[in-house]
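Heads up: the structure comes next, in structure tokens.
When a ligand or atom number is given, it counts from 1 through the structure's own listing order. What you see below is based on every heavy atom in this structure, not just the backbone, and it leaves out hydrogens, waters and symmetry mates.
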Amino acid sequence: MNETLTDIRERRSCRKYTDEPVNRQDLEKVLEAGTFAPTGHGTQSPRMVVVTDKDQMKELSALNERVWGKPVDPFYGAPVAVFVMADKEAPTGMQDACLVMGNLMLAAHAIGLGSCWINRGKEMFELPEGCAIMERWGIDPTRYVGLGICILGHPAEGGISHAKPRKNDYILYA
Ligand SMILES: Cc1cc2nc3c(=O)[nH]c(=O)nc-3n(C[C@H](O)[C@H](O)[C@H](O)COP(=O)(O)O)c2cc1C
């Protein structure tokens, strides 16, 4: 089968990572794939903030955990988190940012990294602490929304589950 189609079929969410850091070259490949996602009118409206620093990861996972309300590390110990921010002022800001997330996860899989979309980005950056973090990053919290968080790392054993069968009525021909 075509390599791209195989990657699409075989990418799965990873929820357990080894301690091995993601090397800069691999990280840049994944991020570049994010920047090549299609965007409405080619506006390249999303922003990506890459976090690898352990203290910042702790701060951000604690904020996400607070929104989630479960005492579990929502980033599953991944060494990298990419915060994809959608531009509220762009007509297709949300859609653009979703496609960036998709590209990041597929690119990660294509080079042997694990990834997972982590939710609650919107809510965590609406909190005063979240707004302050965005300002620290130089991103206007009144303009950008936390659309999704793509965690990345080297998959640990047992971190990836099998895909469920696809729904029979997923596709309809009208
Ligand atoms: C919008 C969205 C939000 C998600 N949020 C989370 C999340 O917060 N935590 C998590 O472990 N997985 C999350 N996931 C991953 C899904 O649970 C996962 O994609 C789904 O179970 C299908 O599994 P697969 O990715 O292995 O195909 C999210 C996925 C999407 C698309």
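Across all their heavy atoms, Leu152 and Ser115 have their closest contact at CD2-CB, 3.8 Å. The two residues Ile118 and Arg120 have their closest heavy-atom pair at CG2-NH2, 3.9 Å. Residues Glu20 and Pro79 come closest through the heavy atom pair O-CG, 3.9 Å.
Remark: Asp53 CG is packed, more than 12 non-hydrogen atoms of other residues, nucleotides or ligands lying under 6.0 Å away. Residue Gln95 qualifies as enclosed at atom CD: its count of foreign heavy atoms under 6.0 Å is above 12. Counting heavy-atom neighbours within 6.0 Å of Ile171 CD1, excluding the residue itself, gives a total of 12 or less. For NZ of Lys88, the number of neighbouring non-hydrogen atoms (other residues, nucleotides, ligands) closer than 6.0 Å is greater than 12.
In this structure, atom 27 (O) of ligand 1 lies nearest to the protein heavy atom Arg12 NH2, 2.9 Å. Nearest protein heavy-atom contact of atom 12 (N) of ligand 1 is Arg15 NH2, 3.1 Å. Remark: minimum distance from atom 18 (C) of ligand 1 to any protein heavy atom is reached at Ser13 OG, 3.4 Å. The protein heavy-atom contact nearest to atom 8 (O) of ligand 1 is Asn119 N, 3.0 Å. From the protein, the heavy atom lying nearest to atom 5 (N) of ligand 1 is Trp117 O, 3.3 Å.
For Met105, the closest heavy-atom approach to ligand 1 does not fall below 4.0 Å. Residue contacts with ligand 1 leave out Ala163, since none of its heavy atoms falls under 4.0 Å from the ligand.
Under the side-chain hydrogen bond (donor to acceptor under 3.5 Å, both in side chains) test applied with Ser45, the options Thr39, Asp96, Thr92 reduce to a single match, Asp96.
Numbered from 1 in the order shown, with element, the atoms of ligand 1 that lie under 4.0 Å from a heavy atom of Arg120 read 8 (O). Residue Tyr76 has at least one heavy-atom neighbour below 4.0 Å for each of these atoms of ligand 1: 9 (N), 10 (C), 11 (O). Residue Cys116 approaches ligand 1 through these ligand atoms, each under 4.0 Å from one of its heavy atoms: 10 (C), 11 (O), 12 (N). Remark: ligand 1 atoms within the under-4.0 Å shell around heavy atoms of Ile118 are 7 (C), 8 (O), 9 (N).
Here Lys164 has no heavy atoms under 4.0 Å from ligand 1, in either its backbone or its side chain. For Trp68, no heavy-atom contact with ligand 1 is shorter than 4.0 Å. Of all the heavy atoms of Ser161, none lies under 4.0 Å from any atom of ligand 1, so neither backbone nor side chain is involved.
For atom 22 (C) of ligand 1, the protein comes within 4.0 Å by no heavy atom at all.
The aromatic rings of Trp137 and Phe125 are tilted relative to each other, their planes meeting at an angle between 30° and 60°.
No chain of hydrophobic side-chain contacts below 4.5 Å, direct or via other Ile, Leu, Val, Met, Phe, Trp or Tyr residues, connects Val51 to Val145.
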